[in-house]
Chemist: 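Quick one: the structure is below, and I'll ask about it shortly.
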Amino acid sequence: MPELPEVETTRRGIAPHLKGQRVTKVIVRQPMLRWPVPHDLAQLLTGQVITDVTRRGKYLLLQTAKGTLILHLGMSGSLRIINPQTAPEKHDHVDIVVGKNKCLRLRDPRRFGAVLWTGDEPVQHELLRKLGPEPLSDEFTAEYLFDRSRKRKQSIKQFIMDSHIVVGVGNIYANEALFLAGIRPGTAAGRLTRNRVEQLAQHIREVLEAAIKQGGTTLRDFTASDGKPGYFQQQLYVYGRGSEACRICNTPIKLMRQGQRATYYCPQCQR
DNA sequence: AGAGGTACCTGGCAGC
DNA sequence: TGCTGCCAGGTACCTC
């Protein structure tokens, strides 16, 4: 999926087109996403004014006076603002038309994404309630990460990718942050010293901020809402670079598997 | 409670 | 050209 920077880039792209706009039409072509799209979504949303477009972790939240539309892009989802006349393509599952001629269109070939509705405070929603802190907020401190990691035998990479620990760190940025912090991805989380956890927390923040600034990483199925590619790809140190020379020391980057996910690291720079 | 594996789904690509 | 197998940004849910 889009990881946090891609979701945030998407949010920034679509928000100006949606904020303050009234929903005039909702079209659901494929209701079977990760969970079924609410059957009465059109009824719930039509006529509502979108008051704000926010984000919690990788969930996008379209707020209205009546409730909140919760969107998740899964592995392959993307959102764009188009003219509602534009013919839908194969995997264009949901349209939310606002005003007279703007449409938020969700495309998601793999259908791991979600479109849900809640009438309550979105943070109270079952899926959002137990999420860890935002990595770019003041809540995400080295102290917090250190405390949570104590006695955990799980690898540090899987630990930072757990959204109940911290949200938004997906496979790309987990690999990158561990490289920048000089930590082997397979190290047990509980065995890292306070100092190293501090380094890691700092690099998680930095890599996500840098990626957001560059508009995310261009991936197979991801394009920002304006269709422009992200530029972060060009500065990945390890992700997707198996057998290639480390940009720092020239040692070949290693590829291994952790929890059926690809892990890349430099055996020289990461100890 | 924590750790590990499975499942959901489609498309692209390498190899034969 | 066509088939098969593997890979891909996520994460809830199940079992041990």
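Basis for what follows: all heavy atoms, side chains included, without hydrogens, waters or symmetry-related copies. Numbers restart at 1 for each chain; the letters A, B, ... are given by sequence-line order, proteins then strands.
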Chemist: Please check this pair: side chain of A/Arg56 against backbone of A/Tyr59, looking for a donor-acceptor N/O pair closer than 3.5 Å.
Modeler: no
Chemist: Checking contacts here: which listed nucleotide (C/dA8, C/dA12, B/dG4) is nearest the side-chain heavy atoms of A/Ala262?
Modeler: C/dA8
Chemist: Indicate whether A/Phe112 forms a stack on B/dC8; treat it as stacked only if centroid distance is below 5.5 angstrom and interplanar angle below 30 degrees.
Modeler: yes
Chemist: Report yes or no: is the cationic atom of A/Arg194 (NZ for Lys, CZ for Arg) under 6.0 Å from the centre of the six-membered ring of A/Phe146, at an angle within 45° of the ring normal?
Modeler: yes
Chemist: Among C/dC7, C/dA12, B/dG4, which is the nearest nucleotide to the side chain of A/Gln158?
Modeler: B/dG4
Chemist: Does A/Leu4 offer a backbone N or O that forms a donor-acceptor pair with the side chain of A/Arg55 under 3.5 Å?
Modeler: no
Chemist: Round to the nearest Å and state the distance from A/Ile165 atom CD1 to B/dA3 atom C1'.
Modeler: 12 Å
Chemist: If every non-hydrogen atom of A/Gln48 is compared with every non-hydrogen atom of A/Ala65, which pair is closest and at what distance?
Modeler: OE1-N, 3.9 Å
Chemist: Side chain of A/His91: nearest nucleotide among B/dG11, C/dA12, C/dG10?
Modeler: B/dG11
Chemist: Choose from B/dT10, C/dA12, B/dG11 the nucleotide whose nearest atom is closest to any side-chain atom of A/Arg110.
Modeler: B/dT10
Chemist: Would you mind reading off the distance between A/His72 atom NE2 and B/dC8 atom C1', rounded to a whole angstrom?
Modeler: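 Going from NE2 in A/His72 over to C1' in B/dC8 covers 14 Å.
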Chemist: From CD of A/Glu6 over to C1' of C/dA8, roughly how many Å is that when rounded to an integer?
Modeler: 14 Å
Chemist: With nearest nucleotides of DNA chain B determined for A/Arg152 and A/Lys90 from heavy-atom distances, which residue corresponds to the more 5′ nucleotide?
Modeler: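 Looking at DNA chain B, the more 5' nearest nucleotide goes with A/Arg152.
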Chemist: Ignoring hydrogens and geometry, is there a side-chain-to-backbone donor-acceptor pair from A/Asp95 to A/Val97 under 3.5 Å?
Modeler: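 Judged by distance alone, no pair lies under 3.5 Å.
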Chemist: Reckon A/Arg261 touches a base, only the sugar-phosphate, or nothing at all at heavy-atom distances under 4.0 Å?
Modeler: base
Chemist: Can you measure A/Leu73 atom CG to B/dC9 atom P for me and round it to whole angstrom units?
Modeler: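 The answer, rounded to whole Å, is 19 Å.
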Chemist: Can you tell me if A/Gln63 and A/Thr51 form a side-chain donor-acceptor pair at under 3.5 Å?
Modeler: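 No, A/Thr51 and A/Gln63 have no side-chain donor paired with an acceptor closer than 3.5 Å.
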Chemist: Between atom CG in A/Asp162 and atom C1' in B/dG4, what is the gap in whole Å?
Modeler: 13 Å
Chemist: Distance check, P atoms only: C/dT11 and B/dA1, in whole angstrom units.
Modeler: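 Comparing P positions in C/dT11 and B/dA1 gives a spacing of 23 Å.
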Chemist: Would you mind classifying the nucleic acid contact of A/Lys130 as base, sugar-phosphate or nothing, using non-hydrogen atoms under 4.0 angstrom?
Modeler: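 The answer is nothing, as A/Lys130 stays clear of every strand by at least 4.0 Å.
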Chemist: Where the side chain of A/Arg111 is concerned, which of B/dC9, B/dG2, C/dA12 is the nearest nucleotide?
Modeler: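 Among the listed nucleotides, the one closest to the side chain of A/Arg111 is B/dC9.
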Chemist: Give me the distance, rounded to whole Å, that separates C/dC3 from B/dC9 when you measure between the P atoms they each carry.
Modeler: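 So the two P atoms sit 23 Å from each other.
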Chemist: Side chain of A/Lys153 only, please: which of C/dT11, B/dA3, B/dT6 is the nearest?
Modeler: B/dA3
Chemist: Over how many whole Å does the gap from A/Leu255 atom CG to C/dC6 atom P extend?
Modeler: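 Value for this atom pair: 15 Å.
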Chemist: Heavy atoms only, 4.0 Å cut-off, all strands: where does A/Arg107 land among base, sugar-phosphate and nothing?
Modeler: nothing
Chemist: Checking base pairs now: Watson-Crick or wobble, both atom distances under 3.5 Å. What partners C/dC6?
Modeler: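 B/dG12 - that is the nucleotide pairing with C/dC6, both distances being under 3.5 Å.
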Chemist: Please figure out whether A/Lys151 or A/Gln260 has its closest DNA chain B nucleotide nearer the 5' end.
Modeler: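 With A/Gln260 and A/Lys151 compared, the 5'-side residue is A/Lys151.
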Chemist: Under 4.0 Å, heavy atoms only, any strand: does A/Tyr59 hit a base, just the sugar-phosphate, or nothing?
Modeler: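 Contact class for A/Tyr59: sugar-phosphate only.
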Chemist: In whole Å, what is the span from the CD atom of A/Glu126 to the P atom of C/dT11?
Modeler: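 So the two atoms are 16 Å apart, to the nearest Å.
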Chemist: Taking atom C1' of B/dT10 as reference, at what distance in whole Å does atom CE of A/Met32 sit?
Modeler: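 Rounding to the nearest Å, CE of A/Met32 and C1' of B/dT10 are 15 Å apart.
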